[in-house]
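Below is one structure, written out as structure tokens; comments come after it.
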Number of protein chains: 4
Amino acid sequence: MQSRTPAVRPGRPRSAAADTAILAATRAALVELGWSKLTLGDVAARAGVAKTTLYRRWSGKNELVVDAVAELFDELELPDRGSLTADIEGVILQFAAILARPEAKSGLMAVVAESTRDDALRERIRASIVERQKLLVLEGRARAQQRGELPGESDPEAAARTADLIFDVIAGAVVHRALVSAEPVDTDWARAFTGLLLNGLTASTGHPPPSSHQTSFPRRTGAPRE
Amino acid sequence: MQSRTPAVRPGRPRSAAADTAILAATRAALVELGWSKLTLGDVAARAGVAKTTLYRRWSGKNELVVDAVAELFDELELPDRGSLTADIEGVILQFAAILARPEAKSGLMAVVAESTRDDALRERIRASIVERQKLLVLEGRARAQQRGELPGESDPEAAARTADLIFDVIAGAVVHRALVSAEPVDTDWARAFTGLLLNGLTASTGHPPPSSHQTSFPRRTGAPRE
Amino acid sequence: MQSRTPAVRPGRPRSAAADTAILAATRAALVELGWSKLTLGDVAARAGVAKTTLYRRWSGKNELVVDAVAELFDELELPDRGSLTADIEGVILQFAAILARPEAKSGLMAVVAESTRDDALRERIRASIVERQKLLVLEGRARAQQRGELPGESDPEAAARTADLIFDVIAGAVVHRALVSAEPVDTDWARAFTGLLLNGLTASTGHPPPSSHQTSFPRRTGAPRE
Amino acid sequence: MQSRTPAVRPGRPRSAAADTAILAATRAALVELGWSKLTLGDVAARAGVAKTTLYRRWSGKNELVVDAVAELFDELELPDRGSLTADIEGVILQFAAILARPEAKSGLMAVVAESTRDDALRERIRASIVERQKLLVLEGRARAQQRGELPGESDPEAAARTADLIFDVIAGAVVHRALVSAEPVDTDWARAFTGLLLNGLTASTGHPPPSSHQTSFPRRTGAPRE
DNA sequence: ACTTAAGCGAGACGGTACGTCCCGTCTTGCG
DNA sequence: CGCAAGACGGGACGTACCGTCTCGCTTAAGT
């Protein structure tokens, strides 16, 4: 309908190819140099673009990297694998696969670090990266409810709080495993984590957790101690 | 007999006061300027120290900030609050309190970001920050086992894997809530998260979770749907 | 057709004003601080210019000072004073006047000292300072020959050698008097030196030296001693 | 008689070997690095001496280098070669030989440059280097007067002025030839220069110059032109 | 033999300047 | 008006030396 910024501005229009080239060059530079040694001059050179062109579109390194990294998360989706357990495991592994890429590793954490002092940057991250991940949680829950694996919600507010918690737990645990502990997020770990999560969500109901996997958590097995 | 580093080295000894002043100045600068605008020249000036003195002791910004932030984690401990639930909640809130401080916020994430491309840095972070946190998990489990809240371990290897998982989940979730979602880690959240965690750990055993709190998680209550 | 350096280079052209300001600032700093305490950062600040701008044009302190001092020698010329004697005295006093200026004093000797280990620097000095002085010698001789004060040259090679010698003697004596002996190069001294020089050049001919001045040199006057 | 500084001071006496080692190390460093890249720390290390030891004896680079270079001029002397001409040529070549050594080249000019802004330094140079050279001029004149090659002096003041002039001319010309023009001071040049000098000193007396050499200077030969 | 007092090596210290790198902005001329 | 090119003012970098200051040890002469 109405284009907020007039569809056509006077003068030569901006090159669309430039944006693509710049974002690709940014990711390439992230892989090669990492966040801290990445320079906008270098990105511009790699993209075959003048620095001015780059600054015309992004206000700085942070914003540029957010956009460059955000595109990596486009591939996140939630294919229906038939059960809540499988869906969760799937999304964990997908997320971990993205985090394993060097352009995401240092870039993502660095902009998060910056965002602690820059609200506009945090909002940009939230809008273009975090929100997309959170939708998967909501979508997964809805699908599980349809399947009957989870009950419907009575209190929408509590449901939202719960979704936030689950999201922080999943995203936080995966990121921490991958970046801080620097251990691989492989199928075994994903299965164990999923078990913990689903047990936590469904426990104390006399209802068996929907997972068919066995976790390796300590649990009282044989006879009680006394 | 064995003096690993010779008891006395020739020449003027290094000033112990300088180290203290530098680390304090670093934290002060982190609060005021944040990671990205912190400069070593500024830190040196605040500490009343020459830049050379600073570089004689630390090889760069990353290493300095790790040490400066690590001292914040000295206050982490695990007072016995009587139950596993209370202990976990306590440590979560302690951890969150540290993360809420601006000198920790941007500093910690930034060095983690850098550590994705610098193994020595990651090891330094692990040794001086992460390991200290992980010990709390182990200590908490041992205490719970003494209390009879958790069973003893049969397979030590599986136990270690489990401890790692729990650690990643706790630390990751708290960090993600605090820094990415930028929501407060308050008592309510801690209680909800602790409930999820303990349910996950003890579920499907016929053993009731040790927590006395009520979580707000969706669980099948009352009559099943059919 | 022939454009040695392409008439227009892409990009913003260098500021001509900057060069002027930098050279003037260099001379001012030489006066105030002398060679050894002159810093390029200070020069840049005085010139109202960034250090990078300075380094873009000169490779270091030596080169910069050579250019700054060379401009002082622009004022060297050889006005026709009617006789060889007067011409020589005039050029000696001119040269001495330049050397008396503090910006020339320490700067000139310092770069000469440096040039003993840097051929490129020596060449720069030669081209922009020394050669200009030497031309005066040649010009003076030509003029004297026109006047008939000196004979024409038969052997051009020997003539060149002689000119070199005269040049070293004049320049060397003036510099030594001014900087090493630290005595004033005044009219008296110039007259005495000119006398010595012209006597040396024209002696043993039975031809009176062209000078009309009287030197104070020891010469056998009355009766020989035996 | 009375030793101004008491012959023995309490405490450990200064090592005489250190002075020797330091001056030798200074010359070695001058050869290798030149004046501008010579550092006192490096000199101390070469001499196997602590920096403090060095600073206890010299107040800085300039003073140290003056002393180190001054020792080179110890070898300057005026052997009697039988005639004024030969004596002058000899001392010119000796002087040039010292100037040809790299430790003298850059060192000497550099301290002279510094001395333009430091009177104490200039006095130190004068006392330990220049004065020694000037004595040769006086000694040479006295010897020539004994030989009858030069007349006795009637006016001692004029004689002193003349000696100063001659000294500036000789030293200046040799230095300029060697360091500025960077041409060799060889026998030919010395002979030509000596000829010029002696002609200048003795001309217009009807007395033939004492030199037996022929200079290559333009002089009116044969029949006068008219 | 013991004291006294300076010399001595080593190296840390507060500084200053270095020359480089990158920033984000500004002129250029061309399309 | 977009764009490539590149100069610009500015700021921080990490390094090199400066000249001074602690250290503990050594080396005499005077007791």
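First the proteins, then the strands, lettered A, B, ... as listed; each starts at 1. Small disclaimer: the values here were computed from a predicted structure and weren't measured.
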Between atom [atom1] in [X] and atom [atom2] in [N], what is the gap in whole Å?
X	N	atom1	atom2	value
C:Arg46	F:dG9	CZ	C1'	19 Å
D:Trp58	F:dC18	CH2	P	15 Å
D:Asn62	F:dG19	CG	C1'	14 Å
D:Tyr55	F:dT22	OH	P	17 Å
B:Lys61	F:dC13	NZ	C1'	11 Å
C:Arg57	F:dA7	CZ	P	9 Å
D:Arg12	F:dT27	CZ	P	6 Å

Looking at A:Thr53, does any N or O in its side chain come under 4.0 Å of the phosphate oxygens OP1/OP2 on F:dA4?
yes
Which residue, B:Ala50 or A:Ser59, contacts DNA chain E at a nucleotide closer to its 5' end, judged by nearest heavy atom?
B:Ala50
Residue closer to the 5' end of DNA chain E, C:Asp42 versus D:Arg56 (nearest nucleotide):
D:Arg56
Mind checking which nucleotides bracket the chain A contacts on DNA chain E, 5' to 3', with an atom under 4.0 Å from a heavy atom?
E:dC22 to E:dG31
Please determine whether any donor N or O and acceptor N or O are separated by less than 3.5 Å between the side chain of D:Lys51 and the base of F:dG19.
yes
Identify whether any heavy atom of C:Gly60 sits under 4.0 Å from a base atom; if not, whether one sits that close to sugar-phosphate; answer base, sugar-phosphate or nothing.
nothing
Side chain to side chain, D:Glu63 and D:Asp67, heavy atoms closer than 4.5 Å
no
SB check D:Arg46 D:Asp42 (cutoff 4.0 Å):
yes
Between the main-chain N or O of A:Val66 and the side-chain N or O of A:Arg124, is there a donor-acceptor pair closer than 3.5 Å?
no
Compare the minimum distances between each of F:dC3, F:dC13, F:dA7 and the side chain of C:Arg9, then state the nucleotide with the smallest one.
F:dA7
